[in-house]
Each structure stands twice: as C-alpha cells, then as structure tokens.
Number of protein chains: 2
Amino acid sequence: MKNLKLKAARAAMDMSQQVLADKTGVSRQTINAIEKGDYNPTIKLCTAICKVLGKTLDELFWE
Amino acid sequence: MKNLKLKAARAAMDMSQQVLADKTGVSRQTINAIEKGDYNPTIKLCTAICKVLGKTLDELFWE
DNA sequence: AGTTAATGTCAATTATATTTTACATTTTAT
DNA sequence: ATAAAATGTAAAATATAATTGACATTAACT
C-alpha cells in the first residue's frame with residue numbers, strides 16, 4: 001500500500017525525494033520505496049521524516 | 001533511551017513481554033530490547049504493538 | 001524456603017532494511 | 001523540441017533488525 005500521505009506532505013512543502021533523503025540522512029531510493037509502499041522503514045527514520053515535514057507519526061504512518 | 005511509555009502501557013494491560021511478543025508475532029527478546037531502548041524497530045512492528053495495547057504511534061513512539 | 005513466572009542479557013545466526021550504482025521514464029521548464 | 005530535473009525501478013552489497021537458544025536474576029506465590 002502506497003503512502004500517499006507522505007507523498008502529499010512532501011509535495012506540500014515543495015520538496016524533492018532527493019532533498020528529503022538528504023535531510024533525513026538516507027538514500028533517495030529509500031524515500032521512493034517508502035512512498036511506493038512496498039516496505040517497512042524503521043521508527044527512527046519515520047520520526048526523522050515526520051520532523052522534516054512538520055507532521056507526527058500518526059499523521060503520516062498510521063492507517 | 002528506554003521506552004517507558006511502552007512498558008507502562010503493557011503493565012496497564014497486565015500483559016507479559018512474552019504474551020505481547022506472541023500477539024505481535026515477534027520474539028520476547030525483541031520486545032525486551034525495544035523497552036530497554038537500545039534499538040530501532042520497524043514501523044510495522046510498532047504499529048502492531050500499538051494495536052495490541054490500544055494506543056497510537058504518537059502515544060507510544062513519539063518523543 | 002522453595003517453586004514458578006517474568007525479566008534482563010549475551011553470542012551466534014537469519015531475515016530484511018538500506019546503500020550503491022545504474023538506467024529508463026516522466027515532469028518541468030526553457 | 002530539447003534539456004534538465006525528478007521519479008520509478010532493479011540487482012548486488014552492506015548494515016542492522018529480529019530470531020534462537022541459553023543462562024542468570026528478580027518478582028510473585030504457596
């Protein structure tokens with residue numbers, strides 16, 4: 001299942017996958033894969049993404 | 001950093017680490033390690049733990 | 001005291017998240 | 001129409017989450 005909430009939050013900040021990757025300290029492919037939804041990031045990375053995008057875990061990663 | 005919120009939520013349900021491990025499909029050592037705090041579980045496991053304990057990600061895994 | 005359930009912890013192995021390199025496709029802008 | 005940036009995707013390698021088995025300690029109970 002795609003993570004459209006993440007994709008939308010990133011779009012709302014006008015931030016590319018590459019920039020989000022740099023700010024969270026992971027590769028662009030990792031961000032892409034999380035948005036694509038076919039895997040399972042660590043809570044630490046989810047938290048880092050939330051902080052960069054100004055959202056909480058519940059807002060981006062709760063179903 | 002220990003996860004005392006998780007430990008407290010489990011205690012509030014009077015549930016052992018072993019039972020929580022069984023209900024979330026991981027080993028007891030994994031639950032113990034998460035409570036001890038010296039690592040970084042996947043979002044999928046965090047979500048499973050939250051559902052068993054009737055809490056949200058923000059309540060148990062947001063700092 | 002003695003017994004049992006629960007917890008803390010460690011070493012070795014397995015499963016999988018993440019990286020790296022690379023290329024194709026799509027969007028955005030000129 | 002063309003170039004550049006952004007995205008989608010894949011295979012191989014690396015880092016680390018999670019398992020297994022084992023043992024010691026602590027808490028709860030009779």
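The structure presented is a predicted model; accordingly, all values stated were derived computationally and were not measured. Convention: sequence-line order gives letters A, B, ...; per-chain numbering from 1.
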Problem - Same apolar cluster: Leu4(A) and Met13(A), side chain cutoff 4.5 Å - result: no

Exercise for the section: Identify the heavy atoms of Thr24(B) and Leu20(B) that sit nearest to each other, and give their distance. Expected result: OG1-O, 2.7 Å

Problem - Nearest-0.5 Å distance, CD of residue Gln18(A) to CD of residue Gln29(A) - result: 8.0 Å

Practice task
Identify the two heavy atoms, one from Thr47(A) and one from Phe61(B), that lie closest to each other, and give their separation to 0.1 Å.
Solution key: OG1-O, 4.4 Å

Practice task
Please confirm whether the backbone N or O of Lys44(B) pairs with a side-chain atom of Asn40(A), one donor and one acceptor, at under 3.5 Å?
Solution key: yes

Completion exercise
Under a 4.0 Å heavy-atom criterion, DNA chain D is touched by chain B from dA17(D) to dA22(D)

Practice task
With the side chain counted from C-beta on, respond yes when Lys51(A) and Glu63(B) share a heavy-atom pair under 4.5 Å apart, and no when they do not.
Solution key: yes

Fill in the blank from the handout: In this structure, OH of Tyr39(B) is separated from OG1 of Thr42(A) (nearest 0.5 Å) by 12.0 Å

Exercise for the section: Mark up nucleotides 15-30 of chain C, 5' to 3', with B wherever a protein heavy atom is under 4.0 angstrom from a base atom, S wherever such an atom reaches only the sugar-phosphate, and - elsewhere. Expected result: --SBBBBB--------

Exercise for the section: Compute the bend angle of the helix from dA1(C)-dT30(D) to dT30(C)-dA1(D) from the end axes (five pairs per end), rounded to 10°. Expected result: 60°

Exercise for the section: Output the distance between atom SG (Cys50(B)) and atom CG (Asp58(B)), rounded to the nearest 0.5 Å. Expected result: 9.0 Å

Handout entry: Within-4.5 Å side-chain heavy-atom neighbours: Met15(A) and Val52(A)
Key = yes

Exercise for the section: Return the residues of residues 50-63 of chain A meeting this criterion: a heavy atom under 4.0 Å from some atom of DNA chain C. Order them by number, or give none. Expected result: none

Exercise for the section: For residues Leu45(A) and Ile34(A), determine if any side-chain heavy atom of one lies less than 4.5 Å from a side-chain heavy atom of the other. Expected result: yes

Practice task
Mind listing the residues from residues 5-20 of chain B sitting with a heavy atom below 4.0 Å of DNA chain C? Number order is fine.
Solution key: Lys7(B), Arg10(B), Ser16(B), Gln17(B)

Practice task
Return no unless some side-chain N or O of Asn32(B) is found under 4.0 Å from OP1 or OP2 of dG8(C).
Solution key: yes

Practice task
Keeping to residues at least two apart or across chains, list the salt bridge (charged side-chain N to carboxylate O under 4.0 Å, His left out) pairs with something in residues 5-16 of chain A.
Solution key: Arg10(A)-Glu35(A)

Problem - Heavy-atom check, side chain of Leu57(A) versus side chain of Cys46(A), under 4.5 Å - result: yes

Practice task
Measure from the side-chain N and O atoms of Asn3(A) to the backbone N and O of Leu60(A), and report whether any donor-acceptor pair falls under 3.5 Å.
Solution key: yes

Problem - Ile49(A) vs Ile31(A) side-chain heavy atoms within contact, under 4.5 Å - result: yes

